Engineer: 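For reference, the structure I am asking about is given below.
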Amino acid sequence: MFEELIRDWNGEAVAIHYDAPSGTWMFVAIHSTRLGTAGGGTRMKVYPTPADGLRDAMRLAEAMTNKLAIAGAAAGGGKAVLAVPAIPRGEERRRLLLAYGDLIESLNGAFGTAPDVNTDERDMDIIAERTSHVFGQSGAAGGSGSTAPDTGVGVFHGIVAAVDHVYGSPDLRGRTIAIQGVGGVGGVLARLLAEAGASLIVSDIDADRAVAIAAETGARTVPPGEVLGQACDVLAPCALGGILDAATIPTLRCRIVAGAANNQLATAEDATRLGEAGILYAPDYVINAGGVLHVLALEQRGWSREQLDDALRGIGRALTQIFRSADAEGITTELAAQRLAEERIRTGATVAGGATA
Ligand code: NAI
């Protein structure tokens, strides 16, 4: 029930609104404003019960706090969930989004939102009719465009940091990197890695897409079912979550897992499993922070491209710090990342975009 969830949560506040015409529960979970006002995406989803939607919002809000803290973004973490009975379309969707915009506006800037699962830039344009606390609008409405390219750049820096940590040199020439999913992020990543001299293996359920990227980058393509087991230095999951579990981890033949996909670990124990298998894992929410940095930099902070590029390189620097402290303390990189986030929240450290550390 809501009472228990809210009582047991370590976040700051939850705003709840029930939209009677559609039967939608709206949850805005504000986990932390310690480093700045809370930001996070709006997820639209059908949940078994409203409490499941609230639980998801709370969990994801906490993850945003950690992600933004490690990215040095001087922003707090939040998340919104629209727990709908069915995904609405057309006029019904528009009416719901306007009502949701009113809810955000009523929070007076305590929470700003952006697209997430089942919401896109057109939805943000509608929400913006009611509130200015919205990011990721369409280009025509002044949005900063797709986040995928900068997410890809951040993942690239993360891979370089991981390779440097494992092999003692950041040079990618001669390294083999397998990419699962060459869509918006994976495609950009493949190009950057190829330019840096890496040998690539690519895989996508959209075979034409894989073939096109392979033609551009000199990559070898493999069927989707075979990519995880490829012998390589780095496996870069850039498609789906939940791919690393008790069944798949023993089949991996890589030294590093470093990619954009959210929630790569099926369970918390899988971080330990990877460590025991001698595989260095770049925590997904650290290495894929380029998208959120893109939005903050270009839509809220007014950073120059140089400042954003430095913040993206900061993803590599944060990972190096995480890898070293995991080694020094004999803990998983997941736990080391969690501790770095806590330290940055405690000390109020913000390092991106030229802010002081
Ligand atoms: P996308 O939808 O553009 O690309 C995903 C690609 O993976 C598609 O080409 C799809 O055909 C392929 N794919 C799906 N299932 C597959 C499978 N079983 N095997 C091989 N390929 C498969 O998505 P995008 O934007 O590139 O994002 C990739 C991942 O990164 C997602 O997990 C996303 O949540 C995550 N992410 C993306 C960010 C962004 O800024 N776009 C930011 C942070 C995380």
Side-chain angles (χ1 to χ4, degrees), residues 39-45 56 60 63-64 66-68 70-71 73 77 79 114-121 124 135-136 143-159 177-193 200-214 216-217 219-230 235-245 247-248 251-252 257-266 282-299 308 311-312 315:
T42 295
R43 178 164 297 197
M44 186 187 285
K45 202 172 155 182
D56 215 18
L60 294 164
M64 278 306 290
N66 291 339
K67 178 173 193 155
L68 289 162
I70 294 181
K79 199 84 181 188
D116 194 71
V117 174
N118 284 327
T119 61
D120 63 16
E121 58 181 30
M124 298 305 120
F135 306 105
S144 58
S146 170
T147 56
D150 279 329
T151 302
V153 172
V155 173
F156 173 78
H157 291 308
I159 288 176
I177 300 175
I179 308 177
Q180 180 186 41
V182 281
V185 177
V188 167
L189 177 64
R191 290 182 199 103
L192 292 171
L193 292 171
L200 300 182
I201 300 168
V202 298
S203 178
D204 201 295
I205 48 168
D206 181 338
D208 292 345
R209 194 173 277 178
V211 167
I213 294 286
E216 234 184 278
T217 60
R220 178 162 67 83
T221 60
V222 294
E226 292 176 21
V227 67
L228 295 184
Q230 292 297 311
L235 172 67
C238 295
L240 323 157
I243 56 154
L244 302 170
D245 60 24
T248 58
T251 70
L252 300 181
V257 173
N262 278 311
N263 305 317
Q264 291 169 35
L265 303 176
D284 47 15
Y285 69 92
V286 178
I287 195 170
N288 72 17
V292 79
L293 284 169
H294 167 102
V295 169
L296 278 171
L298 302 180
E299 297 188 28
L308 174 55
L312 295 172
I315 291 174

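Residues take their numbers from the sequence shown, with the count starting at 1. Computed from a predicted model, the values in this text were never measured in an experiment. Atoms within a ligand are numbered from 1 in the order they appear, just like the ligands themselves.
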Engineer: Suppose we screen for salt bridge (charged side-chain N to carboxylate O under 4.0 Å, His left out). Which residues come up paired with Asp120, at least two apart in sequence or across chains?
Structural biologist: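 With neighbours one apart ignored, the set is Arg122.
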
Engineer: Are the side chain of Gln180 and the backbone of Val227 linked by a donor-acceptor contact shorter than 3.5 Å?
Structural biologist: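 Such a contact is absent between Gln180 side chain and Val227 backbone.
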
Engineer: For the residue pair Thr248 and Asp245, confirm or rule out a side-chain donor-acceptor distance under 3.5 Å.
Structural biologist: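 A pair is found: one side chain offers a donor N or O, the other an acceptor, under 3.5 Å apart.
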
Engineer: Students should find this: residues with any non-hydrogen atom under 4.0 Å from ligand 1. What is the answer?
Structural biologist: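 Within 4.0 Å of ligand 1, protein side: Thr147, Ala148, Thr151, Gln180, Gly181, Gly183, Gly184, Val185, Ser203, Asp204, Ile205, Arg209, Pro224, Cys238, Ala239, Leu240, Ala260, Ala261, Asn262, Asn288.
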
Engineer: Can you name the side chain to side chain donor-acceptor pair (under 3.5 Å) partners of Glu226, sequence neighbours left out?
Structural biologist: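 In terms of side chain to side chain donor-acceptor pair (under 3.5 Å), with neighbours along the sequence ignored, Glu226 is linked to no residue.
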
Engineer: Looking at Asn263 and Gly241, would you say the former's side chain and the latter's main chain have a donor-acceptor pair under 3.5 Å?
Structural biologist: no

Engineer: Asp150: what forms a salt bridge (charged side-chain N to carboxylate O under 4.0 Å, His left out) with it, not counting sequence neighbours?
Structural biologist: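 Only Arg305 meet the salt bridge (charged side-chain N to carboxylate O under 4.0 Å, His left out) criterion with Asp150.
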
